[in-house]
Amino acid sequence: MAEDPTAAMAKECKVRLKISDDTIFEVEYAVAMQSQMLKNALSDTGTDGTVPLHNISSEIMAKVVEYCAYHVNAANTISEKDVKIWDQEFLKDLDQATLFNLIMATQYMVIHNLQDLICQTVADRIKDKSAEEVREIFNIQNDLTPEEEEEIRHENQWAFEEEGWPEIQEEVRLEG
Amino acid sequence: MGKINLVNLPDDLLCSQILTRIPLKEAVRFSAVSRKWCKVWTRLPHLKFTDEFFNSISTNANMAEDIINKIIHMQCVNLESFELHNCDRCESSIHKWLLWISLSGVKCLHLKSSTIRMQMEVSESIFSCMTLTSLSLEYFKITEVPARFLGFSQLVSLYLDQVELSEQAFEVILKLCGCLQYLTVDACSSPSNFLIISSTLKSLALVRLDKTCLVEVNCPRLESIKVCQILELVIVNICLPVCVHLEADFHHLQHFVTVKSLRKVIYFEVYSMNGESYHSVVLLCSRIMKGAPLLKTVRINLVNSIQIFEPDEIDYFLRTVNGLLCLAGDSPKVRFSLSWGSTAK
């Protein structure tokens, strides 16, 4: 499939992104295209000019660009296994605030693969944890009175019960 | 940017991106974490009542039905997807649940009955889910399509696994799905032959149709076709101008495509063949290798085939393989692989 010349040219362009503190980030076209929102924005206005992203900080933008830049290159050249290893390294030093800022940023910029990665990480951290443990992990104050908490547990009793099936199976085995 | 934490995530984002990745039971338990979230799980856009859910409830099956009932009625957002396994254990409620979620504008529906019982008839209410873009049914019977059915006008993807279809049902459904692009028919049965006619279908997978002898395909926009374990396939649309991805198991396939042109094939894979079909395989393969300039990959898996060749066929077979390898040598741009060893399928 022959590429049309304008598309080829555009690929060498840099895209200018103006973030919250008015700093300009210049990213390669291919990297910017990882964001559906930028893709749509640029298809209307072209690559001249600057796209404003007022609600994203430079720290977060740097992380987003780091991820997108790696994945643009990794797409055809690096094995899936190695990409996964890189992803885990990428996540390693991120504190909670950064994680959640990234969720908001990827939501706004519509970057599915990064959003999936971060959200899956958060989900993995809260899986199999009790309410109290979740509060501890995320430093959340318990603002429920004991009565309120009791009411909630009672209303959805089934969700707060321990797994029952394995116990039942044990009993059957003993009897048989 | 201020210090943001899990607490600050908008409810909808929390639900759609995080709570949907943990089991439903745990998402409901989230309601005890903080006052802000005591009802957040009712905004889950995806409801999955899978085996995991049924196993996580320590009470008996009747209670499961009540719990599901309650959860469905407490949903206060439009449902994106709904998945329910063990439909036969909830037979009395499933009709009203489907009606309820059809009002909620559900897009993806996945229903599975347990395998233990005979196929249950699919609920008529399913035909009221007009907003479906994706439908997946496992272990059901579709005998009749109600006369009032206007079609799944937005359905893009249909997946049927072990579904017993009446001739009328399949025909009507296909006809009334005006933008269907992906169709999988796996181990389904029909009293007559399968007629697959669609002007929009892009991808077709036909798997394990052992009892059916003939499948006729007339889909001019087909881009990808995967065929495994079926006896006879005739592609009526003689020219496959847009077919790019062709995978087939020639073990049972006796008569394949009678095509004039395979120009746009990019990928060709043969899962297996036997003594009777290898001749047509080789023919097809050489035609593709000579006539498809965009061809990138040819994979021929002889794993399951080699044992069933008669001793006198083996020699001819080996010579044909040699011929194939020569053809491969003539097409250096094509990634050609011939596998003999055992592989797990």
Side-chain angles (χ1 to χ4, degrees), chain A residues 1 20-21 55-60 95-101 103-107 115-116 118-135 137-145 148-153 155-168, chain B residues 1-10 12-42 44 49 51-71 74 244 264 266 293-294:
Chain A
M1 278 168 270
S20 64
D21 56 0
N55 45 1
I56 301 181
S57 73
S58 63
E59 186 193 76
I60 297 300
D95 64 6
Q96 271 194 40
T98 313
L99 282 178
F100 299 117
N101 277 320
I103 296 177
M104 299 296 280
T106 52
Q107 176 74 4
Q115 189 175 47
D116 282 343
I118 307 278
C119 293
Q120 189 60 51
T121 303
V122 174
D124 290 340
R125 288 189 195 180
I126 61 177
K127 197 166 154 44
D128 290 331
K129 300 283 194 306
S130 70
E132 184 51 47
E133 284 169 319
V134 172
R135 279 189 220 118
I137 293 174
F138 294 107
N139 204 15
I140 298 169
Q141 285 282 54
N142 184 2
D143 56 356
L144 295 164
T145 66
E148 284 173 328
E149 197 168 333
E150 183 51 42
E151 198 190 316
I152 288 171
R153 284 173 187 269
E155 208 179 301
N156 294 300
Q157 207 171 9
W158 64 275
F160 292 94
E161 277 169 4
E162 289 306 309
E163 327 284 63
W165 289 120
E167 286 166 19
I168 294 172
Chain B
M1 287 233 92
K3 217 40 173 150
I4 199 168
N5 200 335
L6 190 61
V7 195
N8 304 101
L9 271 182
D12 285 339
L13 202 52
L14 177 69
C15 268
S16 64
Q17 289 297 335
I18 305 209
L19 295 185
T20 47
R21 295 172 198 263
I22 61 178
L24 184 59
K25 187 175 180 181
E26 293 190 32
V28 175
R29 276 216 294 262
F30 222 68
S31 53
V33 173
S34 148
R35 188 177 287 158
K36 183 180 196 277
W37 289 331
C38 63
K39 288 260 188 276
V40 78
W41 63 270
T42 62
L44 279 169
F49 300 106
D51 286 328
E52 187 186 32
F53 169 81
F54 283 90
N55 290 335
S56 70
I57 303 175
S58 63
T59 47
N60 60 38
N62 283 339
M63 286 295 282
E65 219 170 311
D66 287 338
I67 291 169
I68 298 176
N69 202 43
K70 183 172 174 191
I71 294 174
M74 287 197 72
V244 292
K264 289 210 180 172
I266 287 182
L294 301 170

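Atom set for the values below is all heavy atoms of this structure, side chains included, hydrogens, waters and symmetry mates excluded.
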Could you pull out the closest heavy-atom pair between [X] and [Y], with the gap in Å?
X: B:Lys25; Y: A:Trp158; result: CE-O, 3.4 Å
X: A:Phe160; Y: B:Val28; result: CZ-O, 4.4 Å
X: A:Arg153; Y: B:Ala32; result: NH2-CB, 4.5 Å
X: B:Pro10; Y: A:Met104; result: CD-SD, 3.7 Å

**Q.** Greater than 12 external heavy atoms within 6.0 Å of A:Glu59's CD
**A.**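 No - once you tally the heavy atoms of other residues, nucleotides and ligands closer than 6.0 Å, there are 12 at most.
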Q. For the candidates A:Glu132, A:Glu148, A:Gln120, which exhibits the highest count of non-hydrogen atom pairs separated by less than 4.5 Å from chain B?
A. A:Gln120
(Q) Heavy-atom pairs under 4.5 Å with chain B: which of A:Asp128, A:Leu99, A:Ile103, A:Val122 has the most? (A)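 Highest number of heavy-atom pairs under 4.5 Å: A:Asp128.
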Q. Is the closest side-chain heavy-atom distance between B:Trp37 and A:Ile152 below 4.5 Å?
A. no
Q. Would you say B:Arg29 and A:Ser130 make side-chain contact, with heavy atoms under 4.5 Å?
A. no
Q: Using non-hydrogen atoms and a 4.5 Å limit, figure out which bit of B:Ile18 sits close to chain A: side chain, backbone, both or neither.
A: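 Answer is both: backbone and side chain atoms of B:Ile18 are under 4.5 Å from chain A.
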**Q.** A:Asn156 side, atom CG; B:Met74 side, atom CE - distance, nearest 0.5 Å
**A.** 6.5 Å
Q.
Just verifying a value: how many Å separate A:Phe100 CZ and B:Leu9 CG, rounded to the nearest 0.5 Å?
A. 6.0 Å
Q) So, does B:Gln17 use its side chain to make a donor-acceptor pair with the main chain of A:Gln115 at under 3.5 Å? A)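 Side chain of B:Gln17 to backbone of A:Gln115: no pair is present.
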(Q) Between B:Lys70 and A:Glu155, does any NZ, NE, NH1 or NH2 come within less than 4.0 Å of an OD or OE carboxylate oxygen? (A)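 Looking at A:Glu155 and B:Lys70, the cut-off is not met.
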With a 4.5 angstrom heavy-atom cut-off, which part of [X] approaches chain B: side chain, backbone, both or neither?
X: A:Asp116; answer: both
X: A:Asn139; answer: both
X: A:Ile137; answer: neither

Q: Would you mind telling me which of A:Leu144, A:Asp143, A:Val134, A:Asn142 makes a side-chain contact (heavy atoms from CB on, under 4.5 Å) with B:Ser34?
A: A:Asp143
